Every structure is written in structure tokens, then in C-alpha cells.
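Below: the structure, in C-alpha cells.
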Amino acid sequence: MAVELCLLLLLFCGSTISEVQPIYKPPPGTLDFGFVPSKTYDTGAYHEPGSIGILFKIVHAFLYLVQPNSFPQDLIRKVAQQQLGKTQGDYQKPENVVLTLQAIYYEIGFIVSAALGLLFILLLPLVGLCFCMCRCCDNCGGEMHQRQKKNADCQRSCFATFLFVASLIISVGVLCAYAANQHLTNQVRGAKKLVNSNFKDLKIFLNDTPAQIDYLVSQYNTAKDKALSDLNNVGPVLGTRVQEQLGKEVRPALDAALTMAGAIRETKEALENVSVSVEVLQEGTERLRANLTDVKTHLSNTLNDSACNAAQAASTCNIIRNSLSQLNVNANFSGLPGVSSQLAKVNDVLKIDLSSLVQKGYAAFNDTPDLVVNQTRNILSDIKSVLESIGSNITTFTKALPVQKILDDLMVYLTQSEAYVQDYFPLVEQYDFYRWLGCLILCCMVVLILVFYYLGLLCGTCGYDKHASPTTRGCISNTGGNFLMAGVGFSFLFSWVLMTVVVLTFVTGGNVEKLVCEPFEDKNLFKVLDTPYLLNQQWKNYLAGILFKNPNVNLTFEKVYSDCKENKGIYTSLHLEYLFNINEFLNISMYTEDVALKIEHIQINLSKIILLDEIGKENLLNFSSSGIDGIDFSAYLTEINKSVTKVDLLSFANDLEARADQLPKGALENALKGHANSIRMIHNQQVVPLEQAMTVKKYVKARSTLNQSVRLLKKTSSELMVKVKNVISAVNAAQFLINNNASQVIVQETKKYMDTIVGYFEQYTEWVKESIAMEVAACKPIANVIDTAVDIFLCSYITDSVNTFWFGLGGSSMFLIPAIIFAVKLSKYYRRMDTEDVYDDVETIPMKTTENGNNGYHKEHLYGIHNPVFTSSVEQW
């Protein structure tokens, strides 16, 4: 059975996994293979005992007191390896004597407790027999006579209390025993459901495996479809990658050329603006010069008037006359050099559309994906054929494996096993009924004793009359005493039977708890089973020897159980790779090598791509020699930065008017003020527009435009030849890369593309490996079967119940001893005596009256006297 199971798991695992790389590096694109279909197992291998669990914990604590030693792994290993008893005299060997002493030391708690139980079994019946014979001889309390004592009531009450307490303790013990007995029966009756649940999970385990295999195989199509998608889009994928790598040099070169084309257009506009602006400003300054000349002439004529010769006006007129030289134009735009020759050369350069040539280079470079598609058609068809063959091989191999046949055989075996269990389960229930009945009889023995004790206490307490003498006690009280003695008698009869059962179940159940259940819970039991050469002296690892016929494989019970407990795949749990190496069986790397070789043969020629032809390069050189770098920009900027006039006309006019006010009133003053107003008008109408470029006529922004254009030309012309040569060099370098070094870039990108394609299958392989390890044929049901058999059935159901049973029954049996003593003592106070002590009426002193040799005892059947207090012999006379 084990070999068939291993072969099954081996085959279906081998059919779904390929060569697994030791270190997995995820490719750029992550594939989603979904989740392996699986069903939830129903069995919960955990038992909650309920309220009786408190008793189980108490019993465990008691067992810890009896046996506080830890699990003796080394001792069990040595005992198992010594194989004691095979030959005569084994136990007399020194090493075996030591082992025996160690075993005795470990079991000393059980041994002492069992010894006390055996003493109880042997001595209590013997004591009971002696006690019975002694009472038959009117000894040991057998004579029906009770001495009167002053503390008789106190003694009776104490004995009754002690007996009642002992009976209560015995009652609690028998209730515990009954509860444990009933709990075991209830669990056995309910075990069928748990057994069926385990069989159901095992069937799910077998039935789901083919579907999981099919799912793993079908997910190859996910990797294949993704690879085919990339192959069908080889242009966008590989072509774009090649384009991106080449674009790191090509695009900056084309961008620089396109920028230079824009600079040519801007240069033309700037030259045109300079030419126009200079003409406008020349015209403005000439008009201003003419107007200022007219003003000076008229002002000079006025100053030549005879009125200026007067003493009061002479000094003022001289001052004004001396300032006339300031009325002149400061900025001379007429002397600036022209830019017509440079503009003509730039216009010649613009006859060729450089931007259009650069855009053609962009378009040619952007056609790289199409070139890749056209040049890789034949190779891609071969790669697709290889991928299809891989899928066909996997499918063919999967169908060729006899997985279904092995699963069917295992299902038949499982069904037969289930039928066997179902057939014999009624027999188990029948035997459990016999066990339950036997335990119930033992409990009934104790209950019978308790009934006599409780009836004796009830009748004795209710029927007791403290005024009645021992010989005149009532029937109810006497019956209570008889019940107590009956309980004592049955205690002697049943106690040894009860204690025999207690000792046997105590030794068995206690050792099972300590040597099986506790070490199973902390897995120390597995460590013992995994001891090399323990179960088979020829095998280092027993489980590996059974499964693989190779005991050197490191396969342990503990590891298998732990892995199955974590619901890992059985391929991982049982290390089936030692039986069948699936990596060697289905090695996808063989196919991926074919794919890689096909991809490496891809040859892509990009020499048809022309980034910028010779015409465009010559156009750039013509622009660099257009002469704009020879323009005297400093002369332009100097004139632009000058003020329009040598003096502020507005200030001059204000000063002239102020000096006119200093003259005597008359024509001269008025004339000078008129000239001041003319100067103000010239300032407002001609100087201000030229300085601020705010006029709405033909001087619109002339000065500002000239300033901006000159500065732009200066910036553009700065090292123009170097800039153009750099652009041409960058374009030539990018073209050289495409023509000569593109093959290296293509090889690099092709390798990355190949890694991406192969990476999809590596992802598939890694996913299959992970699924096999954790999801496919998850062996949780196997761990559940072990837990059900050992932890639940053996330990929780049987051992805990049996231990609780002997704990309750043993406690009841032990308290039978004090109950016997108190019952015998108490029965004297309840039973009707044959004789009693005689007391004086007054002194209440016992008289030594004798009748027929009766040493002071009075016999009712001789005298017929029922009064317990007799008169003295003197009074009788």
C-alpha cells in the first residue's frame, strides 16, 4: 500500500514540474497562474472534552505527582536496542542490570502506587476475614454489650460525621468513575462520525489529485500564450527595446539638430527685427534732432534780443545761452552697422527646410519595430513550433502515465478499508457495551455499599432515642446499625475486586499517558522512532528504508508528520524526489535552450535608417558661416542703453521757465516760457516714445524689439561654429552607431528579449514547484488520521476516560477503609444490645452485681427487666 501511494504521488508530481532553477529571479512580466483547485477537509483533529475536561486535568496533575520525570528517550532507545529476553541470561548482564534499575527508577512512582494497591488487595480481604472470625468469637466489637460513657453522645456524633464525610467522598469518586465510563461510551458511539470524516477526507485527497494535475498542466498554456503574444508583437517588444537603447544617442542628436533648425528661423526673425527697428529709430532720432535744432535756433534768437542786454537780464540770458548746447540728440542709430548681408545668407539657408529633414530622420528611426517584424518572420515561426511541441509533449506524457489506474486501486483499497471498519464497528460498540456494563457493575458495588451506609446513617440518626438504653433501642435505630454492618461486610467483599481493577487500569493507563500521549503531543515520541537503527538494525532511517529502500535518505517520522500537519504537499513531505527526481524527468531547460538558440539567430539590419542627409549637414554649416557672429553687438547695445537726449528736456524746460520768472515782466519772459513749453511738447511727443516704446504709431516697441533681437543674436552667434559642429558630430555618431554598432545593441536587447520569453517558463516551473510543495495532494488527511488514532481515540477518548475511571474508583476504594472503621464504631450506638452496664440510681456508679456468674452484667432474658437503671441490691431486699 505504501509503495503504491508513493509511486502514485511520484508519477503525478513528475508529470507537472520541470527543471527548477536553484535561485529564481522573476522576469519583468509576472504571470498569474491562479490558485490550484482544492477542497476543504472536514476533519478537525481536535477534541474538546467539555466539562469533564476538569477531571482530566486533575488526573494529569495526579499523574505528574506520581511520575514527575520527563520522557525517557535515551532509556527507551537503549532498551529497544538491547532486545532483552532474546537469550537466557540477558537480564544478568551489567549493562542490562543498569537499564533495569533506570527503568525501575523511572517507574518508581507507579511501582510504589501499584505495590500499595497490591497490599490493599491482599490485606483488606484478609483483615476482613480475621475481623469476621473475631466478631464471631464476641471480640472486636462482636459482643452485644455497650459500656456507658459520659461522652457517648459526642463519640456517636463524631463517628456519624466522619462516616458521612467519607461516604460523600466515596460518592464523588464513584460519580467521577461513572462520568468517565459514560464519557468513553459516548465518544465510542460518536467515533463513527469522526472515522467517516477521515475516510471522506482521504477520498477527497485521492479524487482531487487528478484535477490538480490537470490544472497544473493546463497552466502551461498561460506561459505559452504570453510568450506567443510577445512573439506576435515582436516589433513593439523587441523593436521598441532596440529603439529605446539606440534612442539614448539618436534622439538627443536629432533633438539638437531640430533645435538648431529652430534657431535658424529665430535668427532670421531677429535680423529682420534689428533691420526694421534700426530704421524706425533712425527716423525718430532724425526728427527729434531737427525739432531740437529749431528750438535752439528760436531760443538763440530770443536771447539775442536787446532786452537781454539789460543789467537785470544779462546774467540770466548768458546762463541760458551757455546751456543751449545740451539740446541735442544723444543716441546715434544712424551710425550702427547694417545686417542685410547676414539676413540674406540666413534666407539662403532657410531655402532648405532643415526641420523637414530632421523629421524624416525621426520617422526613419521610429520605423525600427517594423524593420524588426519584417526581418524576424521566419525565425519566429520556428520558435512558435518549439513552444507548441513542449505543450504537446507535456500533454502526451501526462496521458501516458497510469495515474488514474493507481488512484482507482487506492480508492478500491480505501473503500474496502472503510467497509471493513463499518462492518466491525458494531462489534466494537458491542464490546464497549460489555466494558461499560462491567464498569457500571463496579460502580454499582460501591453504590451498594454507599446505600447501606446512607441508610444506616438515616435510620440510625432518625431512630436513635437518647433516653433509651442500649438494650431497649428501637427497631429503626437497630436497623440502621445493621445497615452499617452490612455496608462493612460488602466493603470487605468488594474492595479487593475494585482495587484489582484500579491497579490494572492505573498501571496501564498511567503509562500510556506518560509514554505515549504526552510524548506524542510534544513530538518526543517521533524523535524516538527516528532514532537510527532502532526499528531495524540495518537501517539508519526506518521510514526511508520502507519507502525508498534507501535508509540513508534523511526522512523522519517527525518531519513527515509536521509537514502534513502544515498541509504541505505529499511530494515535499515524503521527499519523493529521492524516489523519482522530477527535475531530471521533465527538464524544460532542454526546450528553452532551443528557444534561446532560435532567438540568438535573429539578425536585424538597421542600415537603411538615415538620420540626417548631407544636404542637412551642409545647411547647418552654411548657417554657421552666415556671419551673424561678426555683428558688432556692443555698438548696438551701447546706443540702445544711451538716453535719447543729452539732457532731460523736461528738467531743462522747468529750469528755463524758472529763469524766465527771474526776468522782469515783459516780452522776453513770455518768449522764454513759450520756448519752455515747446521743449516740454518735444519731450512728451518724441523723447518719451523713443525711450519707453509706448507709442501706438510706427515706433511700436522698436527700441524694445531691437534690444531683444540683438541680445538673441548675440546669444545665438556665441560659438556658433562650435555648436553646429557639435550637432553634426552627434548626428554622425548616432548614424555610426546605427550603421556599425547597432548589431551589438540588437544582440543585447535580443538576449533580454530571450530572457523574458524563457522567464515565462521559469515562472511556470517555479509556480509548479511551489504548488507541488504546498498545494497539490496536501497531506493534511494523513496527519488527521494519525491525530485521530493517537491523540483523539487512544489518548483523549480511551486513556483520559480510563485514567479518570480508576482515579474516581480508586479514591472511593481507599476511603472504604475509614468508612469501615467509622461504620463499625457507629453501629454500636445504633444496634440493640443484649447487655448493658448497670448504674446506681443516685450515684450512677456501676454496681458489681452478679447473677449466675455474670460479673455485674444484667441479662434481660433472665430477669425481664427493661429499665436500664437498676436499684441497688439493698433496695431489692
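No experiment lies behind these values; they were computed from the predicted model shown. What you see below is based on every heavy atom in this structure, not just the backbone, and it leaves out hydrogens, waters and symmetry mates. Position 1 is the first residue of the sequence; numbering continues from there.
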#### Entry: side chain to side chain contact (heavy atoms under 4.5 Å, CB included) between F494 and L448, worked out
CA-CA 10 Å; F494 297 154; L448 179 62; 3.9 Å; yes
On a heavy-atom basis, which atom in [X] and which in [Y] lie closest, and how many Å separate them?
X: Y453; Y: A819; result: CE1-CB, 3.7 Å
X: H183; Y: S801; result: ND1-OG, 3.1 Å
X: T799; Y: C517; result: OG1-SG, 4.1 Å
X: S113; Y: V66; result: OG-CG1, 4.0 Å
X: M499; Y: S813; result: CE-CB, 3.6 Å
X: N803; Y: G510; result: OD1-N, 3.4 Å

Above 12 or not: heavy atoms from other molecules or residues under 6.0 Å from [atom1] of [X]?
X: M445; atom1: CE; answer: yes
X: F159; atom1: CZ; answer: yes
X: I476; atom1: CD1; answer: no
X: W539; atom1: CH2; answer: yes

### Task
Classify the ring geometry between F793 and Y797 as parallel (under 30°), tilted (30 to 60°) or perpendicular (over 60°).
tilted
Would you check if there is a donor-acceptor pair between the side chains of [Y] and [X] at a distance under 3.5 Å?
X: D800; Y: H60; result: yes
X: E518; Y: N524; result: no
X: Y542; Y: T531; result: no
X: Y561; Y: D787; result: yes
X: T415; Y: K203; result: no
X: Y420; Y: Q416; result: no

### Message
Looking at D74 and K78, is any side-chain nitrogen of the basic one under 4.0 Å from a carboxylate oxygen of the acidic one?
### Response
no
### Task
Flag the pair D432 and R435 as a salt bridge only when some basic side-chain nitrogen lies within less than 4.0 angstrom of an acidic carboxylate oxygen.
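A salt bridge links D432 with R435.
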### Task
Show your working on side chain to side chain contact (heavy atoms under 4.5 Å, CB included) between L55 and I52 and close with a plain yes or no.
CA-CA 5 Å; L55 295 178; I52 199 174; 3.9 Å; yes
Could you tell me whether the side chain of [X] and the main chain of [Y] form a donor-acceptor pair under 3.5 Å?
X: D530; Y: E558; value: yes
X: N181; Y: W436; value: yes
X: S827; Y: G481; value: no
X: S197; Y: K193; value: no

### Query
Aromatic ring centroids of F110 and F506 under 6.0 Å?
yes
### Query
With a 6.0 Å cut-off on ring centres, are Y41 and F205 close enough?
no
### Message
Is there a side chain to side chain contact (heavy atoms under 4.5 Å, CB included) between F62 and F807? Walk through the geometry before answering.
### Response
CA-CA 9 Å; F62 176 77; F807 181 76; 3.8 Å; yes
### Task
Measure the SG-CZ distance between C158 and F822 for me, rounded to the nearest 0.5 Å.
9.5 Å
### Task
Could you walk me through whether S562 and K523 pass side-chain hydrogen bond (donor to acceptor under 3.5 Å, both in side chains), step by step?
CA-CA 9 Å; S562 299; K523 298 182 181 179; 2.9 Å; yes
### Message
Q422 vs K192, test: side chain to side chain contact (heavy atoms under 4.5 Å, CB included). Steps then yes/no.
### Response
CA-CA 8 Å; Q422 297 295 340; K192 187 174 183 178; 2.9 Å; yes
